[in-house]
2 protein chains.
Amino acid sequence: MKLNKQNEILTFIQHKIENEGYSPSIREIAEKVNLKSTSSVQYHLDNLIKKGLLSKKPNQSRTLTSNKLISTFKSVPIVGEIAAGAPLLAEENKIGEISVPQDKFSENLFALKINGDSMIDAGIFHEDIVVIDKGVEPKNGDIGAFMINETEATVKYLDTIGNKRYLVPANKIYENQEITSNVQPIGKVVSLFRDI
Amino acid sequence: MKLNKQNEILTFIQHKIENEGYSPSIREIAEKVNLKSTSSVQYHLDNLIKKGLLSKKPNQSRTLTSNKLISTFKSVPIVGEIAAGAPLLAEENKIGEISVPQDKFSENLFALKINGDSMIDAGIFHEDIVVIDKGVEPKNGDIGAFMINETEATVKYLDTIGNKRYLVPANKIYENQEITSNVQPIGKVVSLFRDI
DNA sequence: CATATATTAGAACAAATGTTCGAAATAAAT
DNA sequence: ATTTATTTCGAACATTTGTTCTAATATATG
């Protein structure tokens, strides 16, 4: 099975939507990928739709949408220092915004700017931005964000040793911290961004 | 001047594009905002276009775009394995796409999926995605992408020791590799993405 | 080579859609 | 109240566009 045309068509549609803001018509696709007949394009579109890579509304023009398309982003707030007493996502804690693809977006996402090198062995560096899903409670072995004493947010591994639960840094020079009532889980770390 | 209908139309268009991924037709707008005639809608669209709030292509269906909604992201290709002989950014090397904010975008950007752990001490892990700027030549101390023997792309530190230049991994178990004629610099690594 | 499968082409059709014009209705201004 | 501007309507028209069917061509498969 020759996927060249199919891929060519798919990426053309995606780029058209990204750059122009709307889907191409079938004849525009035909011209772009050097097919003389609209039905040839239909043939490939049907296959792409069967594969779940595209969607369209029947009998409606320019309603092709790429299911994988990243064109729609939503922004999530970046939290820096936690102002004493203020709720985590209060305006005064916000130092910026980061955008995530809509297919990965949920209302529960926010981002945290890493301060320090306690997770360096996990590849999380000072000033990296980590995205946190408040809707997912970190489990053993996960990297999670935790609130300590309601004033400080920290990112650590969560692990159980014996029958106690610990915040475990990824850096030998720091020590495990037992999770007591002054530690509240915030959510699970799901992705990371770094400017180099 | 009564702005109710105009605003109603504008927000309907924006929502339709956000939720469905494509613009409504004029008749769909008419029905939604309770106008009986398509030309009534045209009347408002003309005003919205004059105000610069909307754009459209003449004689093309569903090409309304909200200028406020234009995607602030552009996609850059992700390159995986390099097919022997094929140019770096050839279609056959492409394994996906990643989006970067438009203010950081340039035509010189592309992304590379990291294979292996040779840069682990620089916080660059297996399967991370690094974005590379082909327009910036990596300097001493920079992390750069390099093409080896025109068949393999690698990400390493660039460093000068004595009067020789080396590709320097960030992992003790790998060794420096002297830069000779079979190593071509591709560009500088500028950012990094990771799914956790 | 013969057969099946995948791909492309061509044409014709029906429906969706944008465009235009004049007139009617409504609201605003004088 | 009269005039003016704004908004809506209706209908007709020209294109654009998606859909479908059949046949031709290329590509793979045994």
Side-chain angles (χ1 to χ4, degrees), chain A residues 1-67 69, chain B residues 1-67 69-70 83 91-92:
Chain A
M1 184 155 45
K2 191 166 130 198
L3 289 178
N4 297 348
K5 279 280 181 233
Q6 220 174 87
N7 275 328
E8 209 180 331
I9 288 174
L10 180 59
T11 61
F12 171 61
I13 293 169
Q14 292 173 333
H15 285 168
K16 178 89 177 181
I17 294 175
E18 268 187 58
N19 297 324
E20 309 285 335
Y22 50 86
S23 161
S25 70
I26 295 195
R27 280 166 181 84
E28 286 172 352
I29 298 171
E31 186 182 19
K32 183 71 179 186
V33 303
N34 294 312
L35 285 172
K36 310 291 181 305
S37 170
T38 56
S39 62
S40 304
V41 177
Q42 291 273 16
Y43 170 76
H44 291 294
L45 290 181
D46 286 345
N47 288 333
L48 285 165
I49 290 170
K50 274 179 200 150
K51 284 188 183 176
L53 296 171
L54 283 181
S55 301
K56 82 176 290 299
K57 292 280 193 299
N59 298 317
Q60 299 200 300
S61 59
R62 296 176 188 276
T63 56
L64 284 166
T65 50
S66 166
N67 295 335
L69 193 57
Chain B
M1 183 157 42
K2 190 166 133 198
L3 288 180
N4 297 349
K5 278 281 181 236
Q6 220 174 90
N7 275 327
E8 208 180 333
I9 288 174
L10 181 59
T11 62
F12 171 60
I13 292 170
Q14 291 173 334
H15 284 169
K16 179 90 177 181
I17 293 175
E18 273 187 52
N19 298 325
E20 307 284 335
Y22 50 85
S23 160
S25 70
I26 299 208
R27 281 167 182 83
E28 286 173 352
I29 298 171
E31 186 183 20
K32 184 70 180 187
V33 303
N34 294 312
L35 285 172
K36 309 294 183 301
S37 169
T38 56
S39 62
S40 304
V41 176
Q42 292 272 19
Y43 170 76
H44 291 294
L45 290 182
D46 286 346
N47 288 333
L48 285 164
I49 290 171
K50 274 178 199 150
K51 285 188 180 176
L53 296 171
L54 284 181
S55 300
K56 83 176 291 298
K57 292 280 190 300
N59 297 318
Q60 299 199 299
S61 61
R62 296 178 187 276
T63 57
L64 285 166
T65 51
S66 166
N67 293 337
L69 209 68
I70 281 186
E91 270 299 319
E92 53 260 52

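Nothing here was measured: the structure is a model prediction, and the numbers come from that model. Per chain, numbering begins at 1; letters A, B, ... match sequence-line order.
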Quiz item: What residues, two or more places apart in sequence or in another chain, satisfy side-chain hydrogen bond (donor to acceptor under 3.5 Å, both in side chains) together with B:Q42?
Solution: none
Quiz item: Starting at CG of B:L35 and ending at C1' of D:dT7, how long is that distance when rounded to a whole Å?
Solution: 9 Å
Quiz item: Taking all non-hydrogen atoms of both residues, which atom of A:A30 and which atom of A:S37 are closest, and how far apart?
Solution: CB-O, 4.4 Å
Practice problem: Can you spot which of B:L64, B:L10, B:L53, B:T38 makes a side chain to side chain contact (heavy atoms under 4.5 Å, CB included) with B:L45? | Solution: B:L64
Quiz prompt | Phosphate OP1/OP2 of C:dT8: any A:K36 side-chain N/O under 4.0 Å | solution = no
Practice problem: Rounded off to whole Å, could you give me the CD1-to-C1' distance for the A:I29 and C:dA9 pair? | Solution: 17 Å
Self-check item: Spacing between A:Y43 atom OH and C:dT7 atom P, to the nearest angstrom
Solution: 3 Å
Quiz item: Around B:E31, counting heavy atoms of other residues, nucleotides and ligands shown, do more than 12 lie under 6.0 Å from its CD?
Solution: no
Quiz item: Are the side chain of B:T63 and the backbone N or O of B:K57 linked by a donor-acceptor pair below 3.5 Å?
Solution: yes
Quiz prompt | Contact under 4.0 Å: B:H44 side-chain N or O vs D:dT6 OP1/OP2 | solution = no
Practice problem: Could you state the atom-to-atom distance from CD of B:E8 to C1' of D:dT8 in whole Å? | Solution: 14 Å
Practice problem: Would you give a per-nucleotide map of nucleotides 15-21 of chain D, 5' to 3', where B means the base has a protein non-hydrogen atom under 4.0 Å away, S means only the sugar-phosphate does, and - means neither? | Solution: -SBBBBB
Quiz item: Just by distance, do the side chain of A:S61 and the backbone of B:S61 share a donor-acceptor pair under 3.5 Å?
Solution: no
Quiz item: Can you tell me how far C1' of D:dA5 sits from CG of B:D46, to the nearest Å?
Solution: 17 Å
Practice problem: In whole angstrom, give the distance that lies between atom CG of A:N34 and atom C1' of C:dA9. | Solution: 14 Å
